[in-house]
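Everything on this sheet refers to the single structure shown next.
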Amino acid sequence: MQSIMMNWQQLISNKRLGQEHRHPERHDDRTEFKRDYDRLIFSAPFRRLQNKTQVFPLPGSVFVHNRLTHSLEVASVGMSLGNDVTKQLICRHPELKDTLFAEIAQIVATACLAHDMGNPPFGHSGEKAMQTYFTEGPGSDLQREVSHQFWDDITHFEGNANTFRLLTHQFRGRRPGGFVMTYSMLASIVKYPYSSSAPSKKGKFGFFNEEKDVYRKVADELGIICLSGPGEPLRYVRHPLVYLVEASDDICYEIMDIEDAHKLKILSYEETAQLMLSFFEEKEQEHIQRRIIDEGLTDDNEKIVYMRACVIGRLENECVRVFVEHEKDILNGTFESSLIDHISETPNEAYKRCASLSVERIYKSRPVLDVELSGYKIMETLMSHFIEATRHPERFYSKQLISRVSSQYDIYSPNLETRLMAVIDYISGMTDVYALDVYQKICGISLPIV
């Protein structure tokens, strides 16, 4: 059992990474956390999320979610969760009123915007292709040429860790501190605060070894409890706001995937309505159905939209209740699993049904599998060509290929690990469309038309 208790006043800090000792002149009334939000919204990596697959293929005649729309929705739910938690905890801790604690909703919403920014093209399929290039593919013989820590990083490549790198790493031509975000926002995106040498039971980790000192600096400043001893791989408990970011994501991806599946006719109206209503007791179900009639909704898609809104509201309230009830456990680092896992029985069982159905009917559906298969092959090919080029930069073809890489990536470094990481940064930052375009060109499938 942890005997140390984290402190809200220390956990919420507007100190900026890379500007710890600077106080730049401000010309408006935005808070530092609102500046974080605005900085992300207008950034190129965030904008690129519009061409990254969420689950289903990028839209044809029916618009479904991509990483951008998903992130915006997650941020909306995160704002609600943060607001409601703040109100309830200020009633419990009135001394937190008029402190930075009141900015929790903005911090959570910003972290929600950022949570998928490090994901490679083609989602988990792309992530797996990058990992298995080194564990099962031609990159396996690189193990003899790199450090153990670097090998842990690349063989467990993680979109979550890549998000932290994207926001904090000083790429060439960029300012120190990366995006120069606040400490609390950065801590709130690290879902798995472990190094790649000591990942979670699911094989997840939160930061590459190159960024471990950055995370340590942030965590120690905020008073986040450290779990590792001297000489052990770095492990911390979560910053409390991570639970709210995670809950926002859990709510949106599960429920919105069901809605998308209905739009694409993978699920019938009857199946979808039954799933949505199962989050409520019988009297609440009847009330929702009456409201649909009173609202004059006759289109099946609009009915599902209304039910989906009710479900998100229910899950949001449940997660707020769990967070507030378990505040002490969260602050001393002993709270286990996610907020969703602790919600009331009826919505919990309904959520599990949605998750089970999603695996069987959505994630294994032909359109999704086709994208995963194609995406895996595209990513595997890109990794193979670009990694080979960095290993033998003196070759003619390598020089041609490397010249495509943006100057922000240190692809010409004399250090092999730096060059390999530059390839990973470059490929993981691609959109699905750009990855496909590069794949077709290097495979001679298409030629640029002038």
Side-chain angles (χ1 to χ4, degrees), residues 49-81 112 116 123 247-319 340 343-372:
L49 291 174
Q50 68 184 309
N51 264 329
K52 288 195 176 185
T53 306
Q54 174 64 13
V55 173
F56 298 104
L58 293 174
S61 58
V62 178
F63 187 84
V64 292
H65 289 82
N66 55 40
R67 291 279 178 187
L68 181 71
T69 50
H70 167 72
S71 297
L72 291 168
E73 289 170 348
V74 174
S76 177
V77 173
M79 181 69 79
S80 297
L81 280 168
C112 289
D116 271 351
S248 305
D249 189 30
D250 287 346
I251 291 169
C252 286
Y253 82 74
E254 196 61 70
I255 304 309
M256 301 311 300
D257 286 354
I258 296 292
E259 181 183 339
D260 281 348
H262 172 254
K263 287 181 180 177
L264 293 170
K265 304 191 184 305
I266 294 172
L267 298 177
S268 69
Y269 170 77
E270 290 73 20
E271 288 176 302
T272 310
Q274 185 177 15
L275 281 171
M276 296 290 186
L277 291 172
S278 68
F279 282 85
F280 304 93
E281 304 295 345
E282 188 173 341
K283 286 187 178 179
E284 294 172 298
Q285 292 182 21
E286 292 172 357
H287 175 73
I288 290 170
Q289 289 170 319
R290 284 198 303 271
R291 288 290 299 164
I292 287 173
I293 294 171
D294 292 344
E295 293 283 341
L297 300 177
T298 57
D299 180 80
D300 285 348
N301 283 327
E302 291 303 311
K303 292 178 186 178
I304 294 301
V305 166
Y306 185 88
M307 287 185 246
R308 178 261 295 156
C310 294
V311 171
I312 289 178
R314 174 70 188 273
L315 291 175
E316 191 267 342
N317 289 333
E318 285 284 328
C319 288
I340 285 285
I343 63 177
S344 303
E345 184 178 0
T346 295
N348 189 284
E349 289 302 315
Y351 188 90
K352 289 177 180 177
R353 278 194 293 274
C354 286
S356 177
L357 182 138
S358 294
V359 170
E360 294 302 319
R361 299 279 299 281
I362 298 175
Y363 307 142
K364 293 183 180 179
S365 67
R366 185 174 294 275
V368 174
L369 290 176
D370 285 348
V371 168
E372 289 188 351

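Position 1 is the first residue of the sequence; numbering continues from there.
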**Report entry** I266 to R361 - nearest heavy-atom pair and separation
**Finding:** O-NH2, 3.0 Å
Query raised in the report: So which heavy atom on H70 is nearest to which on D249, and how close?
Result: NE2-OD1, 2.8 Å
Query raised in the report: After noting the C-alpha distance and the side-chain angles of M256 and R308, does the key distance pass the side chain to side chain contact (heavy atoms under 4.5 Å, CB included) rule?
Result: CA-CA 8 Å; M256 301 311 300; R308 178 261 295 156; 3.5 Å; yes
Hey, are the side chains of [X] and [Y] touching, using non-hydrogen atoms and a 4.5 Å cut-off?
X: K263; Y: N301; answer: yes
X: I340; Y: C319; answer: yes
X: L315; Y: P347; answer: yes
X: E302; Y: I292; answer: no
X: D116; Y: V74; answer: no
X: E282; Y: E286; answer: yes
X: K52; Y: N66; answer: no

Query raised in the report: Under 6.0 Å from the CD atom of E284, do we count more than 12 heavy atoms belonging to anything else shown?
Result: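 It does: E284 CD has more than 12 such atoms within range.
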Quick check: does any side chain N or O of [X] sit under 3.5 Å from a backbone N or O of [Y], one acting as donor and the other as acceptor?
X: S358; Y: C354; answer: yes
X: R314; Y: F279; answer: yes
X: Y306; Y: R291; answer: no
X: N348; Y: S344; answer: no
X: S278; Y: L275; answer: yes

Got a second to check how far [X]'s [atom1] is from [Y]'s [atom2], nearest 0.5 Å?
X: N317; Y: I343; atom1: CG; atom2: CD1; result: 11.0 Å
X: F280; Y: M307; atom1: CZ; atom2: CE; result: 10.0 Å
X: M276; Y: I304; atom1: CE; atom2: CD1; result: 6.0 Å
X: I362; Y: L267; atom1: CD1; atom2: CG; result: 5.0 Å
X: D250; Y: I255; atom1: CG; atom2: CD1; result: 10.0 Å
X: K303; Y: E295; atom1: NZ; atom2: CD; result: 13.0 Å

Requested in this report: In sequence, state the C-alpha distance, the side-chain angles, and the governing distance for I258 and L357, and then conclude on side chain to side chain contact (heavy atoms under 4.5 Å, CB included).
Outcome: CA-CA 9 Å; I258 296 292; L357 182 138; 4.0 Å; yes
